[in-house]
Amino acid sequence: MTVAVRRWRSSNCWLGRPYGPPIAFVLHSETGGESGTVAEFLNSSSQWSSHYTVGLDGTLDCYVDPGDRAWSNGVLEPGNLWTRVAEACGVDVALNPNHVTVSCETEDLGEPDREVTDCQFNAVVHAAREAKGRYPTSLRYLVRHSDISPQSRGSCPGDRWVASGRFQALADELGLKTVSS
């Protein structure tokens, strides 16, 4: 299946990868629709971005080039599982995960139980493969946003990905490891 990538340029990012290449692909749910996300990512005052977004219909947008660092993962919170990923990859566990990740927001129209469509799943696979193609040896993990910020983002990307088995299927499809509690 061929997926077209629309490329935009969000100013909400840091240029380059001075802390090293990405070690994880982080999956998020937008808790809303694509139009609101697009507006936020293109608004320089929002201070929010992601490398990729994927609509329920499989629309794939890239806002921050994977060679740069998006502002999407928040901060490390107590109880996070990120430290396991960082340690396994030889990265300073106190480093902001935004510096060593590629992130992808997925549309759910504000309905946390909305099923991940086949089109959406395939477009996320395409985005992750694009990033992995650029960083074939360093990109080793598929991570949930809740693995980084379990208190404020405990249900991101939610059961629509995790309980449905789509999260593990994505990891398997991409040959990426996951971290579990």
Side-chain angles (χ1 to χ4, degrees), residues 1-15 17 21-44 46 48-74 97-98 100-136 138-148 153 156-162 164-176 178:
M1 174 183 198
T2 303
V3 177
V5 182
R6 295 186 305 187
R7 302 209 184 262
W8 307 81
R9 188 68 187 155
S10 175
S11 60
N12 301 333
C13 67
W14 297 297
L15 299 178
R17 291 225 174 248
I23 60 173
F25 190 87
V26 182
L27 194 63
H28 302 257
S29 274
E30 293 175 350
T31 65
E34 278 290 285
S35 61
T37 300
V38 169
E40 289 294 314
F41 286 175
L42 296 178
N43 178 352
S44 62
S46 77
W48 185 46
S49 64
S50 183
H51 293 91
Y52 299 99
T53 64
V54 178
L56 288 163
D57 64 358
T59 301
L60 174 58
D61 292 306
C62 179
Y63 291 91
V64 175
D65 183 83
D68 296 325
R69 295 158 291 145
W71 302 339
S72 57
N73 298 319
N98 286 318
V100 289
T101 57
V102 173
S103 53
C104 183
E105 294 277 350
T106 60
E107 181 181 36
D108 71 358
L109 298 178
E111 300 170 23
D113 296 326
R114 181 173 283 275
E115 185 177 322
V116 175
T117 65
D118 289 341
C119 290
Q120 186 173 53
F121 181 86
N122 291 330
V124 173
V125 168
H126 184 86
R129 281 192 177 140
E130 183 175 274
K132 196 169 181 199
R134 245 169 120 173
Y135 301 102
S138 66
L139 196 61
R140 297 173 29 199
Y141 281 86
L142 177 64
V143 175
R144 304 167 299 178
H145 190 191
S146 59
D147 293 331
I148 295 168
R153 301 293 187 257
C156 185
D159 285 345
R160 64 188 298 264
W161 280 97
V162 180
S164 69
R166 290 288 208 163
F167 185 80
Q168 188 58 54
L170 182 61
D172 294 344
E173 178 81 20
L174 298 165
L176 297 175
T178 61

**Study point:** Salt-bridge contact E111-R160 (side-chain N to carboxylate O under 4.0 Å)
**Key:** no
Practice item. Report the residue from V64, N98, D68 that forms a side-chain contact (heavy atoms from CB on, under 4.5 Å) with W14. Key: N98
Review point. Side chains of L170 and W161: closer than 4.5 Å at any heavy-atom pair?
Key: yes
Check your understanding: Y52 vs F25 aromatic rings, parallel, tilted or perpendicular, using cut-offs 30° and 60°?
Key -> tilted
Exercise for review: Please confirm whether the backbone N or O of V26 pairs with a side-chain atom of H145, one donor and one acceptor, at under 3.5 Å?
Suggested key: no
Check your understanding: Can you tell me if T178 uses its side chain to pair, donor with acceptor, with the backbone of L142 under 3.5 Å?
Key -> no
**Study point:** 4.5 Å side-chain heavy-atom contact, E115 and L56
**Key:** no
Review point. Any donor and acceptor pair, going by atom type alone, linking the side chain of N122 with main-chain N or O of C119 inside 3.5 Å?
Key: no
Revision key, fill the gap. Between L139 and A128 the two heavy atoms that sit nearest each other are CD2-O, 4.4 Å
Review point. Does G55 offer a backbone N or O that forms a donor-acceptor pair with the side chain of T59 under 3.5 Å?
Key: no
**Study point:** Pairwise distance CD(E173) to CZ(R129) - rounded to 0.5 angstrom
**Key:** 4.5 Å
**Study point:** Contacts of type salt bridge (Lys or Arg N to Asp or Glu O under 4.0 Å), residue R166, not counting sequence neighbours
**Key:** D118
Check your understanding: Can you find a pair of side-chain heavy atoms, one from D61 and one from R6, that are under 4.5 Å apart?
Key -> yes
**Study point:** Atom pair OG/CG of S103 and L27 - distance to nearest 0.5 Å
**Key:** 10.0 Å
Review point. If we only count heavy atoms from C-beta on, is the R17 to Y135 side-chain gap below 4.5 Å?
Key: yes
Point to revise | For C62 against P66, the heavy-atom pair lying closest together | key: SG-CD, 4.4 Å
Check your understanding: Taking atom OG of S72 and atom NE2 of H28, what is their separation to the nearest 0.5 Å?
Key -> 4.0 Å
Check your understanding: When you measure from the side chain of R7 to the backbone N and O of D65, does any donor-acceptor pair fall under 3.5 Å?
Key -> no
Review point. Any donor-acceptor pair under 3.5 Å linking the side chain of Q120 with the backbone of T106?
Key: no
Check your understanding: Does a donor on one side chain sit under 3.5 Å from an acceptor on the other, for S10 and S49?
Key -> no
Point to revise | Shortest non-hydrogen contact between I148 and N73, atoms and distance | key: CG2-O, 3.6 Å
Check your understanding: Hey, is the main chain of L15 close enough, under 3.5 Å, to the side chain of R69 for a donor-acceptor pair?
Key -> yes
